[in-house]
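Working notes, structure below.
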Amino acid sequence: MTDETTHALALVPEDLPTPENFLRPHRIVMLLLLAGLVVAIAVFMRWDWLPRYLPWLGSGTLVSLAMLFSTAILGFLLAVPLGLVQVTGPWFLKVLARLFCTVIRGTPLLLQLWLLYYGLGSLFPQFPWIRHSFLWPYLREAWPYGVAALTLSFAAYEGEVMRGAFAGVPQGELEAARAYGMGRWTMFRRIWLPRAVHRALPTLNGETVLQLKSTPLVATITVVDVYAVISKVRQETYLTYEPLLLLALIYMCLTGILVVAFRYFENRIPTRGA
């Protein structure tokens, strides 16, 4: 990378958004149009149903967030070995990891969810030892199958991302760690994994947002998330636009929070030499 390219990619204080360069005429017009649209939606549409369903909307949003964070964390923990084994593992583990990622990424998430819930979930009651085990109170619920399907989906997509991230870490850094006397585990924990995660953060941001937008699928197996609550509102009030607009606003707010949080972590990590 040349000095000119490095200078062009460097972020200087003058390049950061400021009130002077943000509030330009076309942006002011767009903000006024957006404000007018929000006022029109608030004034001319029916919102008298909102106080009645507000507690359900709150609990449904918490369920959606619980599904998001639990599956994203579990999926990432599974994606790390999936990506690592494709770079350094023996050939049979590489084949298994690639086969898993290909199958999961090549089939619809809704199909995977239904196969787990209506397929695997219908087999468990046929085994008495399962019905009498401590797992049965959980296996007869719908949410474990939703967590499993979303976790496997996130792991497959992020596993490919981590494969590229692990392979993209400069070999010179790993060789320097070996020359310094670091063991394999120490080198992985202190050098290889942090550098790979840093390289994967932008893509991880996008995958997490996509995971958030995939959580409404769990409503198809009777998990009462925020999408299921909105569907109930539509059925009971015979309204279409108001509940859907509110649902879109909820997801937009959650997406904005996720993007800001990931940007914060990206900016906190030094990028010199990355």
Side-chain angles (χ1 to χ4, degrees), residues 53-84 100-101 104-105 108-110 112-117 120-121 135 137-163 165 189 193-194 196-232 246-269:
Y53 293 97
L54 200 56
W56 291 356
L57 288 169
S59 62
T61 303
L62 291 178
V63 170
S64 297
L65 290 175
M67 296 293 294
L68 169 66
F69 289 116
S70 62
T71 58
I73 293 173
L74 293 175
F76 181 77
L77 294 177
L78 183 58
V80 170
L82 280 174
L84 185 63
F100 170 81
C101 293
I104 297 298
R105 296 168 65 203
L109 176 57
L110 183 61
Q112 301 165 18
L113 181 63
W114 284 359
L115 283 175
L116 287 176
Y117 181 68
L120 187 62
L135 293 175
Y138 305 99
L139 295 177
R140 67 182 181 183
E141 299 289 337
W143 64 265
Y145 304 96
V147 170
L150 291 174
T151 298
L152 294 177
S153 176
F154 190 86
Y157 283 94
E158 197 59 30
E160 286 296 303
V161 174
M162 293 305 298
R163 177 187 63 81
R189 179 174 54 88
L193 180 60
V197 171
H198 174 246
R199 298 175 67 91
L201 263 182
T203 308
L204 180 60
N205 182 6
E207 292 294 338
T208 306
V209 171
L210 291 177
Q211 187 78 346
L212 172 64
K213 292 187 290 185
S214 299
T215 55
L217 293 178
V218 299
T220 63
I221 59 171
T222 70
V223 177
V224 184
D225 67 334
V226 65
Y227 176 80
V229 174
I230 290 296
S231 299
K232 180 178 179 63
L246 179 60
L247 181 64
L249 178 63
I250 292 174
Y251 278 110
M252 287 177 62
C253 292
L254 295 178
T255 300
I257 293 173
L258 286 175
V259 171
V260 170
F262 273 97
R263 291 285 174 83
Y264 171 79
F265 287 115
E266 288 179 29
N267 294 332
R268 294 283 295 178
I269 298 177

Point-to-point distance, once rounded to the nearest 0.5 Å, from CG of Leu115 to CG of Leu110: 9.5 Å
Residue pair Thr222 / Ala142: nearest heavy atoms and the distance that separates them: OG1-CB, 3.6 Å
Closest non-hydrogen atom pair, Met67 against Val218: CE-CG1, 3.6 Å
Euclidean distance, Leu254 CG relative to Ser64 OG, rounded to 0.5 Å: 8.0 Å
Pairwise distance CG(Leu77) to CD1(Ile73) - rounded to 0.5 angstrom: 7.5 Å
Reported CD1-to-CD1 distance for the pair Ile230 and Ile250, which is rounded to 0.5 angstrom: 5.5 Å
With sequence neighbours excluded, residues passing side chain to side chain contact (heavy atoms under 4.5 Å, CB included) with Ser231: Tyr227
Counterpart residues, side-chain hydrogen bond (donor to acceptor under 3.5 Å, both in side chains), relative to Gln211 (two or more places apart): Thr71
Approximate separation, where rounding is to 0.5 Å, of Leu109 CG and Leu217 CG: 5.0 Å
Any residue meeting side chain to side chain contact (heavy atoms under 4.5 Å, CB included) with Thr208, in chain and number order, not counting sequence neighbours: Leu68, Phe154, Leu204, Leu258, Phe262
Atom pair OH (Tyr251) and OG1 (Thr215), whose distance is rounded to the nearest 0.5 Å: 4.0 Å
Heavy-atom closest pair, residues Ile104 and Gln112: O-NE2, 2.8 Å
Residues in side chain to side chain contact (heavy atoms under 4.5 Å, CB included) contact with Leu210, at least two apart in sequence or another chain: Glu207, Lys213
Partners passing ring-ring contact (aromatic ring centres under 6.0 Å, His included) against Tyr145 (at least two apart in sequence or in another chain): Tyr117
Criterion side chain to side chain contact (heavy atoms under 4.5 Å, CB included) against Val229, the qualifying member of Val224, Leu247, Thr61, Val63: Val224
Under the side-chain hydrogen bond (donor to acceptor under 3.5 Å, both in side chains) test, residues paired with Ser70 that sit two or more places apart: none
Minimum heavy-atom distance between Val161 and Ala200, given as atom pair plus value: CG1-CB, 3.8 Å
With Tyr53 via ring-ring contact (aromatic ring centres under 6.0 Å, His included) - residues at least two apart: Trp56
Inter- and intrachain pairs under salt bridge (Lys or Arg N to Asp or Glu O under 4.0 Å), touching residues 57-70, at least two apart: none
Atom of Ala196, atom of Met162 and distance for their closest heavy-atom approach: CB-CE, 4.1 Å
Heavy-atom closest contact (Val209 atom, Thr255 atom, distance): CG1-CG2, 3.7 Å
Contacts of Phe76 that satisfy ring-ring contact (aromatic ring centres under 6.0 Å, His included) - sequence neighbours left out: none
Pairwise side-chain contact, Leu116 with Ile221, heavy-atom cut-off 4.5 Å (strictly under): no
Sequence-distant partners of Leu78, side chain to side chain contact (heavy atoms under 4.5 Å, CB included), two or more places apart: Leu82, Leu152, Ala155
Residues in salt bridge (charged side-chain N to carboxylate O under 4.0 Å, His left out) contact with Arg105, at least two apart in sequence or another chain: Glu160
With sequence neighbours excluded, residues passing side-chain hydrogen bond (donor to acceptor under 3.5 Å, both in side chains) with Trp143: none
Exceeds 12 heavy-atom contacts within 6.0 angstrom, atom CZ of Arg189: yes
